[in-house]
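Accompanying notes for the structure given below.
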Amino acid sequence: VQLQASGGGLVQAGDSLRLSCAASASGRAVGRITMGWFRQAPGREREFVAAIFRTVGNKYYADSVKGRFTIDRDVATNMVYLQMNSLKPEDTADYYCAADFSLILSTVTDWRAYAYWGQGTLVTVSS
């Protein structure tokens with residue numbers, strides 16, 4: 001599976017952005033694979049942002065983004081999106097999409113459980 005993330009940019013606090021992740025895989029892959037978004041700010045560890053679990057589509061969010069970010073998938077186009085509203089300066093980071101066919105639910109927030117990664121897309125939120 002190849003992943004291509006896009007949609008980052010420079011915005012002001014309170015603005016919105018939508019990140020996209022295109023999965024290059026056969027069939028309706030994003031319906032059969034767990035997709036996650038992670039972020040990494042300079043000097044900080046990679047952290048979980050959101051995930052949508054394979055098949056059933058249950059969604060999970062980090063506490064820091066709950067109520068502001070929404071993860072969605074389009075099975076027909078093999079796309080996953082991260083809608084980010086009410087952005088804060090502390091949301092500034094490189095954002096990565098990730099995927100895995102077989103991770104278990106208890107590891108959905110652990111970046112080490114994901115086998116496939118896209119390149120980062122930079123989100124910068126100015127105050």
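All of these numbers come straight from a predicted model, not from anything done at the bench.
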Exercise. To the nearest 0.5 angstrom, please state how far the CG atom of Leu105 sits from the CZ atom of Arg54.
Key: 8.5 Å
Quiz prompt | Side-chain hydrophobic cluster, 4.5 Å single linkage: members besides Met79 | solution = Tyr81
Quiz item: Can you list the residues that meet the side chain to side chain contact (heavy atoms under 4.5 Å, CB included) rule with Lys59, with sequence neighbours excluded?
Solution: Ile52, Tyr61, Ile71, Asp72
Exercise. For the pair Met84 and Tyr95, evaluate side-chain contact (heavy atoms from CB on, under 4.5 Å) and give the outcome as yes or no after the intermediate values.
Key: CA-CA 12 Å; Met84 305 186 295; Tyr95 283 71; 3.9 Å; yes
Quiz item: If you look only at pairs with a residue in residues 105-119, which of them pass as a salt bridge (Lys or Arg N to Asp or Glu O under 4.0 Å), with sequence neighbours excluded?
Solution: Asp110-Arg112
Practice problem: Start with the C-alpha distance between Thr34 and Val108, add both sets of side-chain angles, then the distance that settles side-chain contact (heavy atoms from CB on, under 4.5 Å), and finish with yes or no. | Solution: CA-CA 8 Å; Thr34 297; Val108 72; 4.1 Å; yes
Practice problem: Look up atom CG in Leu103 and atom OG1 in Thr107, then write down how far apart they are to the nearest 0.5 Å. | Solution: 4.5 Å
Quiz item: Where is the tightest heavy-atom contact between Ala115 and Asp100, given as atom of each residue plus distance?
Solution: N-OD1, 3.0 Å
Self-check item: Side chain proximity check, Thr92 to Val123, heavy atoms < 4.5 angstrom
Solution: no
Quiz item: Going through the checks in order, is the side-chain contact (heavy atoms from CB on, under 4.5 Å) test met by Val49 and Tyr96?
Solution: CA-CA 10 Å; Val49 176; Tyr96 299 86; over 6 Å; no
Quiz prompt | Residue pairs involving residues 81-127 (criterion disulfide (SG to SG under 2.5 Å); sequence neighbours excluded) | solution = Cys21-Cys97
Quiz item: Any idea which heavy atoms bring Ala93 and Leu122 closest together, and the distance?
Solution: O-CD1, 3.6 Å
Practice problem: Mark yes when over 12 heavy atoms from residues, nucleotides or ligands other than Glu47 sit less than 6.0 Å from its CD; otherwise mark no. | Solution: yes
Quiz item: How about Lys88 and Arg68: do any of their side-chain heavy atoms sit closer than 4.5 Å?
Solution: yes
Quiz item: Under the salt bridge (Lys or Arg N to Asp or Glu O under 4.0 Å) rule, what pairs show up with a residue in residues 116-127, not counting sequence neighbours?
Solution: none
Quiz item: Are Ile104 and Met35 connected in a single hydrophobic cluster, I mean Ile/Leu/Val/Met/Phe/Trp/Tyr linked by side-chain heavy atoms less than 4.5 Å apart?
Solution: no
Quiz prompt | Asn58 side-chain N/O to Phe53 backbone N/O, donor-acceptor pair under 3.5 Å | solution = no
Show every donor-acceptor pair shorter than 3.5 Å between a side-chain atom in residues 4-18 and any protein atom, with sequence neighbours excluded, or say none if there are none.
{"unit_1": "Asp15", "atom_1": "OD2", "unit_2": "Gln12", "atom_2": "N", "d": "3.1"}
{"unit_1": "Ser16", "atom_1": "OG", "unit_2": "Asn85", "atom_2": "OD1", "d": "2.9"}

Quiz item: Got a sec, which residues hit side chain to side chain contact (heavy atoms under 4.5 Å, CB included) with Ser64, two or more places apart in sequence or on another chain?
Solution: Arg39, Ala62
Quiz item: Sequence neighbours excluded, which residues qualify as side-chain hydrogen bond (donor to acceptor under 3.5 Å, both in side chains) partners of Thr77?
Solution: Asp74
Exercise. Would you sort out whether Val1 and Phe101 count as a side-chain contact (heavy atoms from CB on, under 4.5 Å), showing the intermediate values?
Key: CA-CA 10 Å; Val1 176; Phe101 281 102; 3.5 Å; yes
Self-check item: Residues in side-chain hydrogen bond (donor to acceptor under 3.5 Å, both in side chains) contact with Arg44, at least two apart in sequence or another chain
Solution: none
Practice problem: Name all residues meeting the ring-ring contact (aromatic ring centres under 6.0 Å, His included) criterion together with Phe38; count only those two or more places apart in sequence or in a different chain, and write none if there are none. | Solution: Phe48, Tyr114, Trp117
